[in-house]
Amino acid sequence: MGRGGEGAVDMEEENMAAWLVGINTLKIQPFKLPPLGPHDVRVQMKAVGICGSDVHYLKTMSCAGFVVKEPMVIGHECAGVISEVGSEVKSLVVGDRVALEPGISCLCCNYCKGGRYNLCPDMKFFATPPVHGSLANQINHPAELCFKLPDNVNLEEGAMCEPLSVGIHACRRANVGPETNVLIMGAGPIGLVTMLAARAFGARRIVIVDVDDHRLRVAMSLGADGVVVVSPNIQGVDEDVAQIHKTMCADIDVTFDCAGFSKTMSTALNATRAGGKVCLVGMGHNEMTVPLTPAAAREVDIVGIFRYKDTWPLCIEFLRTGKIDVKPLITHRFGFSQQEVEEAFEVSARGSTAIKVMFNL
């Protein structure tokens with residue numbers, strides 16, 4: 001990775017990575033890195049989380065239109081320790097602990113120049129075909145995308161900056177503030193980090209809904225003001241909305257749909273007050289059938305998000321000051337052996353009590 005050359009260099013110890021080689025098939029195999037570019041750093045990976053997109057690639061070899069056509073190193077939620085720096089790097093030194101932003105934009109297109117580099121059409125993003133990911137002993141990455149961690153923020157928390165960034169970007173897009181009552185559809189990992197972000201942004205009241213009792217109990221332990229168990233049945237929207245309004249006890253200003261299904265989006269649109277905002281965060285379905293006309297008649301704004309931009313400094317500040325604690329989200333930990341990699345992905349795919357599965361390398 002990085003903006004360095006294309007050749008390969010031998011390392012003192014052979015660099016190993018978790019390669020996606022076929023449906024439901026991961027293999028730990030050698031991973032040769034290109035020479036270190038002058039503005040790049042080499043990072044020894046220490047903590048890598050499993051994202052839902054990683055599991056989707058494993059199960060189907062595709063995700064959101066991206067198709068794995070040849071073996072690919074998996075993983076993009078990561079933090080580690082600098083082991084080497086390029087000749088022009090002045091901001092980092094060997095031994096620094098860093099969290100990595102996984103997307104490298106072109107810096108030249110209109111989106112990048114306009115400050116919305118997350119929309120760059122030439123983005124090179126970890127573990128998005130054909131770009132390799134970060135579940136490896138070592139990787140190369142631009143120094144400007146490696147953010148030094150304070151002493152009181154550990155490497156697992158550093159890796160959690162990636163999913164937390166999704167929640168922070170969503171809250172910025174929806175203009176969450178101290179007068180905002182927030183509804184969150186879905187208490188999975190992204191729903192929970194969005195809840196934590198909304199609280200850090202000062203949201204007045206937060207209600208989160210899900211079909212899973214266990215995840216809602218986790219949400220309450222993390223500070224939700226109320227929870228609602230909803231039905232997966234599309235016919236239950238009106239009943240769910242009534243229960244949500246009863247639990248919120250106020251108008252809903254912003255709803256985050258962190259699942260992205262017809263049922264969750266329909267509920268979000270119907271539950272949000274006139275003049276409110278619905279932010280689509282999850283991407284469960286490419287196409288949905290939703291009550292768009294009634295929502296338009298109430299001037300409910302709909303906004304989307306794609307990844308994030310300029311979020312790592314704020315993530316790290318929230319973690320440093322204790323405004324956000326992501327540690328309770330890490331429910332399972334594994335080492336970096338063939339058996340443990342396979343088991344970790346099985347645990348993550350099953351869901352159940354697993355929220356965030358983390359590798360310690």
Side-chain angles (χ1 to χ4, degrees), residues 1 15-31 44-80 99-100 102 125-139 155-166 186-193 212 214-215 218 258-260 282-284 307 326-361:
M1 286 295 299
N15 189 39
M16 306 298 286
W19 290 80
L20 175 61
V21 298
I23 291 178
N24 291 324
T25 307
L26 289 165
K27 297 291 184 183
I28 294 183
Q29 297 176 340
F31 178 33
Q44 184 177 358
M45 289 291 96
K46 292 296 185 181
V48 181
I50 297 179
C51 175
S53 65
D54 296 322
V55 174
H56 209 277
Y57 279 123
L58 177 63
K59 296 298 182 183
T60 68
M61 297 292 281
S62 66
C63 185
F66 295 97
V67 179
V68 180
K69 298 179 180 179
E70 56 186 28
M72 178 185 78
V73 177
I74 203 76
H76 63 269
E77 303 176 358
C78 55
L100 282 69
F125 195 92
F126 281 162
T128 300
V131 180
H132 291 305
S134 60
L135 185 48
N137 297 133
Q138 298 195 66
I139 64 167
L155 287 158
E156 288 188 338
E157 293 174 282
M160 288 295 293
C161 284
E162 199 280 338
L164 180 57
S165 285
V166 176
I190 293 300
L192 293 174
V193 293
D212 188 299
H214 171 74
R215 293 199 167 188
V218 172
C258 296
M283 297 182 179
R307 294 172 179 155
V326 293
K327 294 189 292 294
L329 298 180
I330 305 169
T331 55
H332 295 73
R333 294 173 172 85
F334 292 87
F336 190 51
S337 67
Q338 180 68 42
Q339 179 180 343
E340 287 177 291
V341 167
E342 293 174 356
E343 184 179 353
F345 272 86
E346 289 173 4
V347 169
S348 185
R350 281 199 304 268
S352 185
T353 59
I355 298 174
K356 181 56 62 178
V357 177
M358 186 73 66
F359 290 104
N360 295 134
L361 285 76

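Index from 1, following the sequence.
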Peer 1: Might you point out which heavy atoms bring Pro189 and Ile355 nearest each other, and give the distance in Å?
Peer 2: CG-O, 3.3 Å

Peer 1: Inspect the surroundings of NE2 in His56 and state if more than 12 heavy atoms from other residues, nucleotides or ligands are less than 6.0 Å away.
Peer 2: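 At most 12 heavy atoms, drawn from other residues, nucleotides or ligands, come within 6.0 Å of this atom.
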
Peer 1: What orientation do Phe359 and Phe336 show, parallel under 30°, tilted 30 to 60°, or perpendicular over 60°?
Peer 2: perpendicular

Peer 1: Who are the side chain to side chain contact (heavy atoms under 4.5 Å, CB included) partners of Ser134, not counting sequence neighbours?
Peer 2: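 For Ser134 the side chain to side chain contact (heavy atoms under 4.5 Å, CB included) partners, ignoring immediate neighbours, are Met45, Val48, Cys78, Phe126, Ile139.
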
Peer 1: Going by side-chain hydrogen bond (donor to acceptor under 3.5 Å, both in side chains), name the residues that satisfy it together with Ser165, two or more places apart in sequence or in a different chain.
Peer 2: Thr311

Peer 1: State, to 0.1 Å, how close Phe125 and Glu162 come at their nearest heavy-atom pair, and which atoms those are.
Peer 2: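 Distance-wise, the nearest heavy atoms are CZ-OE2, 4.1 Å.
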
Peer 1: With Gln44, which residues qualify under side-chain hydrogen bond (donor to acceptor under 3.5 Å, both in side chains), at least two apart?
Peer 2: none

Peer 1: So which atom in Asn15 and which in Gln138 form the shortest heavy-atom distance, rounded to 0.1 Å?
Peer 2: OD1-N, 2.8 Å

Peer 1: What is the distance from atom SG of Cys51 to atom CD1 of Ile74, rounded to the nearest 0.5 Å?
Peer 2: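 Between atom SG of Cys51 and atom CD1 of Ile74 there are 9.5 Å.
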
Peer 1: Not counting sequence neighbours, which residues clear side-chain hydrogen bond (donor to acceptor under 3.5 Å, both in side chains) with Lys27? List them please.
Peer 2: none

Peer 1: Please identify each residue that fulfils side-chain hydrogen bond (donor to acceptor under 3.5 Å, both in side chains) with Glu343, with sequence neighbours left out.
Peer 2: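 Once residues adjacent in sequence are excluded, Glu343 has no partner under the side-chain hydrogen bond (donor to acceptor under 3.5 Å, both in side chains) criterion.
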
Peer 1: Any side-chain hydrogen bond (donor to acceptor under 3.5 Å, both in side chains) pairs touching residues 61-78, not counting sequence neighbours?
Peer 2: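 For residues 61-78: Thr60-Ser62, Glu77-Lys356.
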
Peer 1: Would you say Trp19's side chain and Thr25's backbone share a donor-acceptor pair under 3.5 angstrom?
Peer 2: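 No, Trp19 side chain to Thr25 backbone: no donor-acceptor pair under 3.5 Å.
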
Peer 1: Residues in side chain to side chain contact (heavy atoms under 4.5 Å, CB included) with Met61, at least two apart?
Peer 2: Leu20, Ile23, Val68

Peer 1: Residues two or more places apart in sequence or in another chain: which of them pass side chain to side chain contact (heavy atoms under 4.5 Å, CB included) with Ala159?
Peer 2: Ala47, Ala79, Met358

Peer 1: What residues form a salt bridge (Lys or Arg N to Asp or Glu O under 4.0 Å) with Glu156, not counting sequence neighbours?
Peer 2: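 By the salt bridge (Lys or Arg N to Asp or Glu O under 4.0 Å) rule, Glu156 matches Arg333.
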
Peer 1: Not counting sequence neighbours, which residues clear side chain to side chain contact (heavy atoms under 4.5 Å, CB included) with Phe66? List them please.
Peer 2: Tyr57, Thr128, Pro129

Peer 1: Is it the case that the side chain of Glu340 and the backbone of Phe334 share a donor-acceptor pair, with hydrogens and angles ignored and the cut-off at 3.5 Å?
Peer 2: no

Peer 1: CG of Leu135 to CD1 of Ile28: how many Å apart, nearest 0.5 Å?
Peer 2: 7.5 Å

Peer 1: With Ser348, which of Leu58, Asp54, Thr331, Val55 fulfils side-chain contact (heavy atoms from CB on, under 4.5 Å)?
Peer 2: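 Filter result, single survivor: Val55.
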
Peer 1: Can you list everything that forms a salt bridge (Lys or Arg N to Asp or Glu O under 4.0 Å) with Glu157? Sequence neighbours excluded, please.
Peer 2: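 Residues passing salt bridge (Lys or Arg N to Asp or Glu O under 4.0 Å) with Glu157: Lys327.
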
Peer 1: Where does the angle between the aromatic ring planes of Phe31 and His132 fall among parallel (under 30°), tilted (30 to 60°) and perpendicular (over 60°)?
Peer 2: perpendicular

